[in-house]
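Notes follow the structure.
The figures here come from the full heavy-atom set of this structure, side chains too, leaving out hydrogens, waters and symmetry mates. A, B, ... follow the sequence lines: proteins, then strands. Residue 1 opens every chain.
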Amino acid sequence: MSDPAFKSDFLRVLRDRGYIHQVTHPAELDEAASSGIVTAYIGFDATAPSLHVGSLIQIMMLRRLQQSGHKPIVLMGGGTTKIGDPTDKDQSRPLLTEAQIQANIASIKTVFAKFLRFGDGPTDAIMVDNDSWLSTYGYVEFLREFGVHFTINRMLAFDSVKTRLEREQPMTFLEFNYMLMQSVDFLELERRFGCVLQMGGSDQWGNIVNGVELIRRVEQKPAFGLTTPLLSTASGQKMGKTVGGAVWLNADMRSPYDYWQFWRNTEDADVGRFMRLFTDLPLDDIARLEALEGAQINEAKKVLANAATTLLHGEDAARAAEAAAVAAFEQGQVSGDLPSFEVPRGVLEAGVVLAALAADAGLAASRGEARRLAQGGGLRVNDTVETDGNRTLNASDLVDGVIKLSAGKKKIVLVRPV
RNA sequence: GGGGGAAUGUCCCGAGUGGCAAAGGGGGCGGACUGUAAAUCCGCUGGCGUCAGCCUUCGUAGGUUCGAGUCCUACUUCCCCCA
């Protein structure tokens, strides 16, 4: 797989930027990608109204595909979402209604539009929902048409299945069938759009390979699979979890400022890797930036944060986020771009308990937590540490019309009377 | 169908002789040190509180008891073995 002689721009870019974990038929795929337009797809879940950073590597890979002259298909798992994700052990998860799923898909599409060009052209991206075919099959029909191509013997040999059985963990029949459904997705996309490549995370390898083989067997046509490495930070943390929970991509679920902060707080050892994966910066620039040492690497982190935020939220939002961050962290100043929380003026003048205000403003989950935070020295009012959570704040605490509340170094809220 | 085992702090794993707001981890949050990094060390980690206390928690529902996560009964879900 570390074949250095890729001819196609597509595979060369993917390899150089670190997207490739495994590929099914590298030479053949390379040939196809260098001689014509390759149509490829990645499947996404529709269980939430937004994707989060964990999916970003996949989204970026579709972007690279389009950038190098090929056609991306975004497959929304509307049909499979109806069943619920079986790899999640929590079986009590409520099933989503048709309307919720459609709303989620619409919301998610707004994010894709930032990274991909959609349209009717030969290399324009399209989005399809697997519900449009999965829901049309009857059970018998499904078995007869597709079931005959899968042997239990082979399915049992796949790692995803094998390890489950070896660990004596239960695997339901439903789960077992996911492999088939995903393979059928690939086949349908091949028939409808001439899609020949499925990409995904390394955990999808088994499912992808099955689809590849199904197409090769049924259609007697070439098909390929490619997976990305599992992403974690250099210190072993799962990618995408930070102060404030999941890093959602939709702006209404995660502000551009927070998104910028997420990238700004990248570990030193990850800066280069992330720039290659999550920005369009040229490799030369990245090599220079990631070579910075000591505190200088912070400059590289800002470049990373700006580039990543610009892709998702636009240049203006990225610049505003940077300005707010510089003001808050480097100059200790208050900036209007920091998150704010509004309090009725009358309430403030009557006096508000600090712990209650901090909890309401979202700095702590409860008053008790806010109190503990204060006791531990983590709560500040206008940059002064306040250890008494029961202290009452009123209008006299306003500085320039706001009260600046901070929990730790990175969570800041401006309380505004209205 | 028969037999055995399990369900614990609503993030996860996990101990728990009838006195338990419940050991210990992980994770998370905060502090120190730094560079808004990593590593390390320290603290916190059910809710409300006028800090005395009150309230709510151990699958569900009952029961025994002054007192139940702990004992009894039924039920639910899951796992294993036999058929």
Next item on the list: Encode nucleotides 47-52 of chain B as B, S and - characters from 5' to 3', where the letter depends on protein heavy atoms closer than 4.0 Å: B to the base, S only to sugar-phosphate, - to neither.
Entry: SSBSB-
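- Going from atom NZ of A/Lys410 over to atom P of B/rU36 covers 9 Å, rounded to whole Å.
- Distance noted for atom C1' between B/rG1 and B/rU8: 32 Å (whole Å).
- When atom types are taken as modelled, the side chain of A/Ser50 and the backbone of A/Asn250 share a donor-acceptor pair closer than 3.5 angstrom.
- Under the 6.0 Å cut-off for aromatic ring centres, A/Trp248 and A/Tyr259 do not qualify, their centroids lying 6.0 Å or more apart.
- What separates CD of A/Glu267 from P of B/rU36 is a distance of 16 Å, to the nearest Å.
- Under the side-chain contact (heavy atoms from CB on, under 4.5 Å) criterion, A/Asn306 pairs with A/Trp260, A/Ala318, A/Glu322, not counting sequence neighbours.
- B/rU64 and B/rU73 are spaced 15 Å apart, taking the P atom of each and rounding to whole Å.
- One atom, CZ of A/Phe329, and another, P of B/rU36, lie 9 Å apart when rounded to the nearest Å.
- Distances shown here put every side-chain N or O of A/Lys411 at or beyond 4.0 Å from the OP1 or OP2 atom of B/rG28.
- A/Asp397 meets the side-chain contact (heavy atoms from CB on, under 4.5 Å) test with A/Arg391, A/Leu393, A/Asn394, A/Ile403; sequence neighbours excluded.
- By the ring pair (Phe, Tyr, Trp, His ring centres under 6.0 Å) test, A/Phe142 is found to be paired with A/Tyr137, A/Phe146, residues two or more places apart in sequence or in another chain being considered.
- Using a 3.5 Å distance cut-off with no hydrogens or angles, the side chains of A/Gln66 and A/Thr123 do not pair a donor with an acceptor.
- Using Watson-Crick or G-U wobble geometry with both donor-acceptor distances under 3.5 Å, B/rC44 finds its partner in B/rG28.
- Judged as a salt bridge (charged side-chain N to carboxylate O under 4.0 Å, His left out), and not counting sequence neighbours, the contacts of A/Glu145 are A/Arg191.
- On the C1' atoms, B/rA21 is 12 Å away from B/rG69, given to the nearest whole Å.
- Mapped onto RNA chain B by nearest heavy atom, A/Arg380 and A/Asn265 fall at different nucleotides, with A/Arg380 at the one closer to the 5' end.
- At a threshold of 4.0 angstrom between heavy atoms, the contacts of A/Ala364 with the nucleic acid are absent.
- Summarising the base pairing, B/rU76 is matched to B/rA7 through a Watson-Crick or G-U wobble pair whose two defining distances lie under 3.5 Å.
- Screening residues 109-119 of chain A for salt bridge (Lys or Arg N to Asp or Glu O under 4.0 Å) gives A/Arg117-A/Asp124 as the qualifying pairs, with residues at least two apart or on separate chains.
- In textbook terms, a nucleotide whose glycosidic angle is within 90° of 0 is syn, and B/rC20 is one such case.
- Applying the ring pair (Phe, Tyr, Trp, His ring centres under 6.0 Å) rule to A/Phe44 yields the partners A/Phe112; only residues at least two apart in sequence or on another chain are considered.
- Remark: the separation of the P atoms in B/rA6 and B/rG16 is 11 Å, to the nearest Å.
- The same atom, C1', is picked in B/rG14 and in B/rG25; the two are 8 Å apart, to the nearest Å.
- Separation of the P atoms belonging to B/rU57 and B/rG35 is 49 Å when rounded to the nearest angstrom.
- Applying the salt bridge (Lys or Arg N to Asp or Glu O under 4.0 Å) rule to pairs touching residues 358-382 of chain A yields nothing, sequence neighbours excluded.
- With a 3.5 Å ceiling on both atom-pair distances, B/rU70 lacks any Watson-Crick or G-U wobble partner.
- Summarising the base pairing, B/rA22 is matched to no nucleotide, lacking a Watson-Crick or G-U wobble pair whose two defining distances lie under 3.5 Å.
- Across all strands shown, B/rU36 forms no Watson-Crick or G-U wobble pair with both key distances under 3.5 Å.
- If you check B/rG49 for Watson-Crick or wobble pairing at under 3.5 angstrom, you find it has no partner at all.
- Evaluation of the side-chain hydrogen bond (donor to acceptor under 3.5 Å, both in side chains) test over residues 275-287 of chain A, restricted to residues two or more places apart or in two chains, returns A/Arg63-A/Asp280, A/Arg64-A/Asp280, A/Gln67-A/Asp280, A/Arg276-A/Glu290.
- For the pair A/Gly294 and A/Gly376, nearest-nucleotide mapping onto RNA chain B gives the more 5' position to A/Gly376.
- Between B/rG27 and B/rA39, the two P atoms lie 10 Å apart (nearest whole Å).
- Put simply, CG on A/Asp270 is 10 Å from P on B/rA38, counting in whole angstrom units.
- Computed from coordinates, the A/Asn298 CG to B/rA38 P distance equals 11 Å when rounded to whole Å.
- For the pair A/Ala361 and A/Val413, the tightest heavy-atom approach, listed with the atom from each and the gap, is O-CG2, 3.9 Å.
- Near RNA chain B, meaning a heavy atom under 4.0 Å away, the residues from residues 299-318 of chain A are A/Lys301.
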Close N/O contacts between protein and nucleotides 32-34 of chain B (under 3.5 Å):
unit_1, atom_1, unit_2, atom_2, d
B/rU34, O4, A/Lys409, NZ, 2.7

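- Within the structure, side-chain hydrogen bond (donor to acceptor under 3.5 Å, both in side chains) pairs that include any residue of residues 294-305 of chain A comprise A/Arg264-A/Asn298, A/Asp268-A/Lys301, A/Lys302-A/Glu330 (at least two apart or interchain).
- Taking the C1' atom of each, B/rC20 and B/rC29 are spaced 26 Å apart, rounded to whole Å.
- Among the heavy atoms of the strands, none lies under 4.0 Å from A/Leu379.
- For the 3.5 Å distance criterion, the side chains of A/Gln204 and A/Gln198 fail to qualify, holding no donor opposite an acceptor.
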